[in-house]
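Values below: every heavy atom of this structure, side chains too, minus hydrogens, waters and symmetry copies. Start at 1 and go down the list; that is how both ligands and their atoms are numbered. What you see is a predicted model; the values in this text were computed from it and never measured.
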Amino acid sequence: MENKSLVTIAEHSREKLEYLIKMAAEFEKHPNSRLLEGRVVATLFFEPSTRTRLSFETAANRLGARVIGFADPKVTSGTKGETLKDTIIMVSNYADVIIMRHYLEGAARYAAEISPVPIINAGDGANQHPSQTMLDLYAIYKTQGTLDNLQVYLVGDLKYGRTVHSLLTAMRHFSPTFHFIAPEELAMPGHWKQYCRDHNIKYVEHSDFNEDTIKDADILYMTRVQKERFTDLMEYERVKDRYLLKRNMLGKAKENMKILHPLPRVNEIEYSIDDDPHAYYFEQARGGLYARQAIICDVLGISLDEVINNKTIIQ
Ligand code: CP
């Protein structure tokens, strides 16, 4: 079988993204089946995770696959000096697909080059988080009814936040206008702004974060300051609480504006917003289960037609 790894969402065309959204919608209707019976899915998490690992594992379990792996590299032979290369080769002896989160940018690309089975990048350093982007696109499509011509506001840590970098690359197909709101220390890096210019993605930079700044937003995408990427913790302390979304900032928001956040939340969204109709971050995360079912099936060569005509659905 052709190795169909998912390393970066930038590899996918508009048509492919829409295809995966359709597949995710099918899984939302029928999440439980035996579509992956007999398959083994490995989850190798070299960095902490709650949502990504557990939703991938749930996705596999609900489709009848078995799951192996680790959530903590300290319990593996990596502590004895085993290399990433040897780890990947070994796990490919056991599993049909490897889902990997790693702290090094480029680790997923490297793993995909040496692995005989598909690799799904579950986050590589500050670089990319393609499965998060699939669930973000699914949430945007579900709430806005389209991915085209939206005003998307990215707030917080735009330097280290891999989810916003992945989202930029995916949205290039859909003529968005991005608004970057970040402290100077965590501004969108120059190479990502160059990426926007190279791909005709409109962007505006703001330093203020208030009711007026966000009043035209269709999507307000909040992010956590990525403490784990800072070499200087004093700098983290200086910027960590800079942008907090408060309920009283939503007074001028568009009626259908939705607040997204890849989570975990630390101090970016007031808890009092959770029951506001604009809040969508927990529903967004729930959609991750269906988006990840679609991703696993796709890299294993299971088509949308097979998902639609699946005779093994468990009601
Ligand atoms: N959004 C996200 O990647 O969450 P986790 O770090 O909990 O997996």
With heavy atoms of [X] as the reference, note each atom of ligand 1 found under 4.0 Å away.
X	answer
Thr52	2 (C), 3 (O), 4 (O), 5 (P), 8 (O)
Leu263	1 (N), 2 (C), 4 (O)
Thr50	5 (P), 7 (O), 8 (O)

Contact (N/O only, under 3.5 Å) between Arg53 and ligand 1: no
Among side-chain atoms of [X] and [Y], is any donor-acceptor pair under 3.5 angstrom?
X	Y	value
Asp305	Ser303	no
Thr43	Glu57	yes
Asp136	Tyr221	yes

Residue and atom name of the nearest protein heavy atom (relative to atom 1 (N) of ligand 1), distance in Å to one decimal: Pro262 O, 2.8 Å
Atom 6 (O) of ligand 1: nearest protein contact (heavy atom, Å): Arg101 NH1, 2.9 Å
Closest to atom 3 (O) of ligand 1 among Glu47, His129, Arg51 (heavy-atom distance): His129
His261-Tyr281 aromatic ring centre distance below 6.0 Å: no
Gap between atom CD of Gln226 and atom CG of Asp157 - 0.5 Å precision: 5.5 Å
Over-ring placement of Arg62 relative to Tyr290, 6.0 Å and 45° cut-offs: no
